Chemist: 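Please find one structure pasted underneath; my questions will follow.
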Amino acid sequence: MTDNRFDPSSADGRWQRAWNDAGTFTADSNSEKPKSYILEMFPYPSGRIHMGHVRNYAMGDVLARYKKMRGHEVLHPMGWDAFGMPAENAAMEKKVHPGAWTRSNIEGMKAQLKRIGFALDWTREFATCDPEYYGHEQSLFIDMYAAGLVYRKSSEVNWDPVDMTVLANEQVIDGKGWRSGAEVEKRKLDQWFLKITDFAEDLLSGLGELKDWPEKVRVMQENWIGKSSGLEFSFDLSNGEKLSVYTTRPDTIFGASFCAIAADHPIAQAVAASNSEAVAFIEECKRGGTTAAELETAEKLGFDTGITARHPFTGEAMPVFIANFVLMEYGTGAVMGVPGHDQRDFEFATKYKQRIARVVASDVSQAGAPMGDEAEGGDGVIVNSDFLDGMSVEDAKADVIKRAETGGWGEGTTVWRLRDWGISRQRYWGTPIPFIHCDTCGVVPVPKDQLPVTLPDDVDFETPGNPLERHATWKHVDCPECGGKAQRETDTLDTFTNSSWYFLRFASQPADKPFDAEEIAKWLPVQHYIGGVEHAILHLLYARFWTRALAHIGKLDVKEPFAALFTQGMVTHETYSLGDGSWLSPDEVRKDGQDWVTIENGVPVEAGRVVKMSKSKKNVVDPDNIIDEYGADAVRWFMLSDSPPERDLPWSVSGIEGCARFVQRLWRLFNSYDANAAGEDKALARKAHQAIVAVADDIEALGFNKAVARIYELTGAAEKAAPSESKNFAIRAVLHLVSPMMPHLAEEAYAKLGHDTLIADAAWPEHDPAMLVEDEVTIAIQHMGKLRDTITAPKGAAKDDLEALALASEKVQRSIDGADIRKVIVVPDRLVNIVT
RNA sequence: GCGGGUGUGGCGGAAUGGUAGACGCCGGGGACUUAAAAUCCCCUGAUCUUUGAUCGUGCGGGUUCGAGUCCCGCCACCCGCACCA
């Protein structure tokens, strides 16, 4: 260690050990201090920490360290979302056990995280594949079962033929498996479900209170829950049956000219039983693609069943079609067609020559106005609708619902897009569902004293499918109730279950139960939850649901687990390709003048778009290599600089070099500290006090890029100043302000200044409010709103004085050029604007 | 189509309706050095007739003494959702 250079390779590890040995970041639940729970979404142990993790955790780390400096007891834990398919895929490809693969990844990634110096409480670390953790999860699942929140039903599932597993609706993207990309098939299986729909209303209304969540995420969840209200009612059919339909526009009922049912609607199936043309049509419907582009262009197709439906008011007989645009899964799987006021119905009616009537108009006088070439969805008054004529859309909706309910042929209902959460997975590497199937007793929960139901180790992945299913002995057990021969459930829980309550286990981890409600109450809700926006719907909705469900069954007194959510942007990097579709990694190319060439043989390379770092594009930069070269603090600083945290951050070599230079620049500044210096430098002292306040405000608002800029400014000012007491104060301020971001450098300098305590334990510097105000200000002088001059005036100068000073300016007089002054606007301490 | 977001120098980006471009990167010039690295200093939105002026925050209007910021109407790009009745 020399005075002129800070050496991260020696200092980083030394301070990391010091924090570890002192237990600096171990959270004390019994502390009297105000508590802060700072959490970043825990990683899946895929193998390596990537830059996205580093950025995510650097943000949380600054918050955690800052809160600690502000006198809070901080809980900032870390663990591993360790169940999941990649481990099984690795098992198949590399012939390693999923557990061994996962454990070794955890070990490596933990070492990587430690090298970055995060202020984490490692005493609370766990992996979701620990039997202790998933055993408690099984216990909670059994509790939910007892409370009626878990049920089984035979249902058609999305079957991924490659991964050999069931997928949740959310895991099916454009009809393909989210991981394998394989075309998803439909299969009927007995499945386990969680009743998330019981909480639909609550999950929706709760969003309104999440003021510190991004608007975007709340809207996405709102759309996902998809509440709509309308009328469900039945048509009498010509074959004697009834057809139930759902509509959000009962006010347009007089505009109905046909009915349409889904291809897999029971009535459609019945028609198909005796009609081969109907069979062919239904087949065709099922073949249709489900991608956005296909749906956009897909023609509305229908098949006339020959059945008619009787209009409840007019008695008109309306044809019933099987139609390709009606979904069995939503509403009743059948709709009334109102072509005048629904675009899909309009297209359908145009093709199949159905009546297109106007029943809503801008004004009663427009009742006879012809329809245009598309449906009219707008508001207006009801026309051509008998007793509804002249009513507003809203009034007519209410009136029709009332008449239906009075007449007993329908009722006002709420329909949700949200479905119950199918949690069965035909997979090995997950939490075993703790139930036993007995021929005599049915489905029986595993007694709690027999938990955890652990995964067997001796499994093979040579054949596709679920290893638990074909294990020789694992599933064969005695029934806990009758003692007869029975079989274990071989499905495991969806991995999203594991991440639905891990934040509770971090806060409280007793051995004998999942968590302690009183301990939870000390920490929850999480004050800052930080992670990627890709979890906006699934993980965050499921976690909100679990928290509510556990509160509902009396395990908790918390409803919303995450008070504030922050979704950070991605780390991006330029891409390099040879132009033939193959990608090159950043360390295979170099810059040759303005162009890029390969290092190996100088072949020209195309520099492509700046996109998220990904293995497939090979534009990945490994944090370990960067830390080796520049040290942890430079990487942390880069992750926080420049881009606002919610936006993407483009990685660049010159950027990290700049950060590393700044580390050394700070080191030189800290070394210029002269304990014997005397005298005041009021301007510098003022800047330091202002920075103390501004950086704190910026960090609290998660404006890390702005905090960084202010630290640069204060650093620059301190560097230029001559030695003085004020300069020393400014240096100490910079040291403290930068310590959450560059903790290693800060500790090293803090020790060098003679402290034998850790700066991590130090308090945020105090500021003097009197020092925040300047005593001189620069006043802008404008003529007609255009800047003409600036003057320096004492802070708080009188308006008249400022006006006089402004008019005395030669530049201003030249600009006015003798014109009549009509008005002078004076904004104290800001500007003077002369209007002529 | 619906919903949300974003548009400011060569780049990332600052700016309670009040001096647009803070801060960083890149680039240019200089100092130190035998030389290099490191470091330090200066310049760096555009244009012009350059001690100064004009233009300039996606485009077109408006409100205002004053608009990147507020209002109206557009455009482009990004993200999410989607035959959801």
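The structure displayed is predicted, hence computed values, not measured ones. Each chain gets a letter, A, B and so on, in the order the sequences are listed, and its residues count up from 1.
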Chemist: Kindly give the atom pairs (protein nitrogen or oxygen, nucleotide nitrogen or oxygen) under 3.5 Å for nucleotides 49-56 of chain B.
Modeler:
from	atom 1	to	atom 2	distance (Å)
B/U54	OP1	A/Arg788	NH2	3.4
B/C55	OP2	A/Lys786	NZ	3.3

Chemist: Take atom CZ of A/Arg249 and atom P of B/A85, then tell me their distance rounded to the nearest Å.
Modeler: 11 Å
Chemist: Assess whether atom NZ of A/Lys397 is packed by more than 12 heavy atoms of other residues, nucleotides or ligands within 6.0 Å.
Modeler: yes
Chemist: Apply ring-ring contact (aromatic ring centres under 6.0 Å, His included) to A/Tyr352 and list each qualifying residue two or more places apart in sequence or on a separate chain.
Modeler: A/Phe321, A/Phe348
Chemist: Starting from C1' on B/G21, measure out to CG on A/Leu787 and report it in whole angstrom.
Modeler: 14 Å
Chemist: Show every ring-ring contact (aromatic ring centres under 6.0 Å, His included) that has at least one partner inside residues 809-836 of chain A, sequence neighbours left out.
Modeler: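 Counting only pairs at least two positions apart or across chains, no ring-ring contact (aromatic ring centres under 6.0 Å, His included) contact touches residues 809-836 of chain A.
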Chemist: Kindly state which residues belonging to residues 824-832 of chain A come within less than 4.0 angstrom of RNA chain B, counting heavy atoms of the residue only, listed by number.
Modeler: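 The stretch gives A/Ile825, A/Val827, A/Arg830, A/Leu831 as the residues lying under 4.0 Å from the strand, ordered by number.
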Chemist: If you pin A/Met220 and A/Ile779 to their nearest nucleotides in RNA chain B, which one's is more 5'?
Modeler: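 Closer to the 5' end of RNA chain B: A/Ile779.
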Chemist: With pairs taken as Watson-Crick or G-U wobble and both distances under 3.5 angstrom, which stems of at least three consecutive pairs involve RNA chain B?
Modeler: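 As far as RNA chain B goes, consecutive pairing (with distances under 3.5 Å) yields the stems B:1-7 with B:75-81, B:10-12 with B:23-25, B:27-31 with B:39-43, B:45-48 with B:52-55, B:58-62 with B:70-74.
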Chemist: Closest nucleotide of RNA chain B for A/Lys720 versus for A/Leu327: which of these residues is on the 5' side?
Modeler: A/Lys720
Chemist: Do the non-hydrogen side-chain atoms of A/Leu669 and A/Thr715 ever get within less than 4.5 Å of each other?
Modeler: yes
Chemist: Anti or syn, where syn is a glycosidic angle within 90° of 0; which label fits B/G9?
Modeler: syn
Chemist: When you compare the protein's N or O atoms with those of nucleotides 11-14 of chain B, which come within less than 3.5 Å of each other, and at what distance?
Modeler:
from	atom 1	to	atom 2	distance (Å)
B/G12	O2'	A/Ser643	OG	2.7
B/G12	N2	A/Asp642	OD1	3.0
B/A14	OP1	A/Asn705	ND2	3.3

